[in-house]
Amino acid sequence: MPCWLPFVGTCRIKPSGQCPYSRPPVRAGWLLAAALTLCSAPGHTQPLEPDPGVRKALMQAVAEADSFDHRFDAEVWLLDMATRLDAYGAGHGDGLTILRMAHQEASRAGLPPELVLAVIDVESRFDKFAISHAGALGLMQIMPFWLDEIGRPEDNLFNIGTNLRYGCAILKHYLERERGDLNKALARYNGSVGKTWYPERVLKALSQRWYER
């Protein structure tokens, strides 16, 4: 279910992945028709040492298949977000692919897709070839050491699907570790535990650009 977040105080995401501020999506026939037609600068400083829990989450994630569970909702969502991404001037020609795969991987991990878009926005501004000063790579700025940690050195973190699967698995793990406290989970994802600037930046992007109206 899509995530609507005014973010006053601490937001907690339930184990199901549903945010307590969620509202039902608006369904419109003309959006479906349009969607069917449509579908025919990094701020990341992830922890520099491997987390055993993240290793386990990544190994499980890369072994699972991905798909849309509700195609109608996904297509309506894609049209909405593609319009926003185009207006934002991001995506570099890969916008629809990024959106489709972000929806898939977020749904698989039990995360609100809009939250994942906000993380991508802050981490790389939708540049799949982004590289941080710390060496983190791709859309969700994944540290390369994870490839060796889970025994998949051949994985390409500049690949859209691979990067999103890693990023969503990591963020989901930190949400579970922090018992649904989104602010703390985002701080862990960024490697800025105990600080609030990164969660604030992600939640601002979410509330201003990516929440589902």
Side-chain angles (χ1 to χ4, degrees), residues 1-5 11 13-19 21-28 31-40 57-58 60-88 90-128 130 138-142 157-173 175 182 185-186 189 202-203 205-213:
M1 183 173 290
C3 186
W4 287 62
L5 298 169
C11 175
I13 293 183
K14 298 177 182 179
S16 64
Q18 178 182 356
C19 174
Y21 297 105
S22 296
R23 299 179 185 173
V26 176
R27 292 178 170 83
L31 277 177
L32 174 60
L36 288 172
T37 301
L38 179 63
C39 291
S40 353
L58 286 174
Q60 179 179 351
V62 296
E64 294 178 359
D66 50 348
S67 63
F68 283 122
D69 290 330
H70 305 287
R71 187 165 183 84
F72 177 84
D73 289 345
E75 288 167 347
V76 172
W77 183 88
L78 280 170
L79 176 62
D80 183 13
M81 296 301 162
T83 302
R84 299 186 202 193
L85 190 62
D86 185 61
Y88 184 40
H92 309 287
D94 295 305
L96 190 58
T97 299
I98 292 172
L99 291 171
R100 178 174 56 81
M101 292 187 175
H103 191 284
Q104 289 177 338
E105 294 302 330
S107 298
R108 183 204 59 76
L111 298 170
E114 297 84 8
L115 173 62
V116 173
L117 294 183
V119 171
I120 296 171
D121 188 348
V122 171
E123 291 290 344
S124 66
R125 203 173 182 272
F126 294 87
D127 180 1
K128 67 180 181 180
L139 292 167
M140 296 187 75
Q141 292 289 275
I142 309 303
L157 292 176
F158 291 126
N159 176 273
I160 294 172
T162 300
N163 192 280
L164 292 172
R165 178 159 291 198
Y166 275 69
C168 288
I170 292 170
L171 181 56
K172 178 65 173 181
H173 169 74
L175 266 171
L182 184 55
L186 287 170
Y189 185 89
V202 172
L203 300 183
L206 176 57
S207 64
Q208 290 185 349
R209 285 190 287 274
W210 305 111
Y211 71 88
E212 185 164 352
R213 299 184 180 96

field: side-chain contact (heavy atoms from CB on, under 4.5 Å) against Asp86, all qualifying residues, sequence neighbours excluded
entry: none
message: Could you report the tightest heavy-atom contact between Ile120 and Ala102, atom names first, then the distance?
response: CD1-CB, 4.5 Å
query: Once you round to the nearest 0.5 Å, how far does CD of Gln141 lie from CG of Leu157?
result: 10.0 Å
- request: Taking all non-hydrogen atoms of both residues into account, name the closest pair between Ile142 and Ile170 and its distance.
  value: CD1-CD1, 4.1 Å
field: Donor-acceptor under 3.5 Å (Arg209 side chain, Arg84 main chain)
entry: no
- line: Nearest heavy-atom contact between Leu182 and Leu115 is CD1-CD2, 3.7 Å
- line: Between Gly95 and Leu85, the two heavy atoms sitting closest are CA-CD2, 3.4 Å
Close side-chain approach of Val116 and Glu105, heavy atoms under 4.5 Å: no
query: Considering residues at least two apart in sequence or located in another chain, which fulfil the side-chain contact (heavy atoms from CB on, under 4.5 Å) criterion with Ala109?
result: Leu111, Cys168, Lys172
task: Please round to the nearest 0.5 Å and tell me the distance separating atom CZ of Arg100 and atom CD1 of Ile98.
output: 11.0 Å
- line: Applying side-chain contact (heavy atoms from CB on, under 4.5 Å) to Thr83 and not counting sequence neighbours gives Leu79
- request: Check Met81 against Trp210 and note the closest heavy-atom contact, atom names and distance.
  value: CE-O, 3.4 Å
query: Between Lys128 and Asn163, is any pair of side-chain heavy atoms under 4.5 Å apart?
result: no
query: Got Asp94 and Phe126 here, is their nearest side-chain heavy-atom distance under 4.5 Å?
result: no
- prompt: Which atoms form the tightest heavy-atom contact between Glu114 and Leu206, and what is the distance?
  reply: O-CD1, 3.4 Å
- prompt: In this structure, which one of Leu139, Asn159, Ile160, Leu96 forms a side-chain contact (heavy atoms from CB on, under 4.5 Å) with Met101?
  reply: Ile160
